[in-house]
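So the structure is just underneath, and the comments pick up after that.
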Amino acid sequence: ISRELGFDYTPEHRNANRYQGDITEPVADRRPAWFRSRGLPHYRHFYTDELREIVANLYLEDLACYGLAPWRNPKVNPHDLRSDA
């Protein structure tokens, strides 16, 4: 882009938050003030095990509605579709 426009341009990084690696518990029920004083955990900590299960089931239902069945593929284990890995 810089070469085409004829000047040096370095884009800003927006929505780039530093994550606090020491926050390991689920934080889905925390209020904004809690984050202001501690920082943001990795996004996975916003999901409880129960919420992950609900979302996994919703995705599996959607796939079934469209005739997609990844669990029929012998290389795909349906339980892996529900992991957060």
Note to self: Under the rule for salt bridge (Lys or Arg N to Asp or Glu O under 4.0 Å), what residues qualify as partners of Glu25, not counting sequence neighbours?
What the structure shows: Arg30
Margin query: Quick check: closest heavy atoms across Ile23 and Leu40, and the distance to 0.1 Å?
Written below: CD1-C, 4.4 Å
Note to self: Holding to side-chain contact (heavy atoms from CB on, under 4.5 Å), I want the full list of residues that pass it with Arg31, two or more places apart in sequence or in another chain.
What the structure shows: none
Margin query: So, using ring-ring contact (aromatic ring centres under 6.0 Å, His included) as the criterion, who are the partners of Phe46 when residues are at least two apart?
Written below: Phe35
Next item on the list: Give a yes or no on whether the backbone of Pro26 and the side-chain of Arg44 come within a donor-acceptor separation of less than 3.5 Å.
Entry: no
Next item on the list: Drop me the distance from Glu53's CD to Leu58's CG, to the nearest 0.5 angstrom.
Entry: 10.5 Å
Next item on the list: With sequence neighbours left out, write down each residue that passes ring-ring contact (aromatic ring centres under 6.0 Å, His included) with Tyr47, or none if nothing qualifies.
Entry: none
Check: Residues in side-chain contact (heavy atoms from CB on, under 4.5 Å) with Glu50, at least two apart?
Finding: Thr48, Ile54
Note to self: Can a donor-acceptor pair be found, under 3.5 Å and without considering hydrogens, that links the side chain of His45 to the backbone of Thr24?
What the structure shows: yes
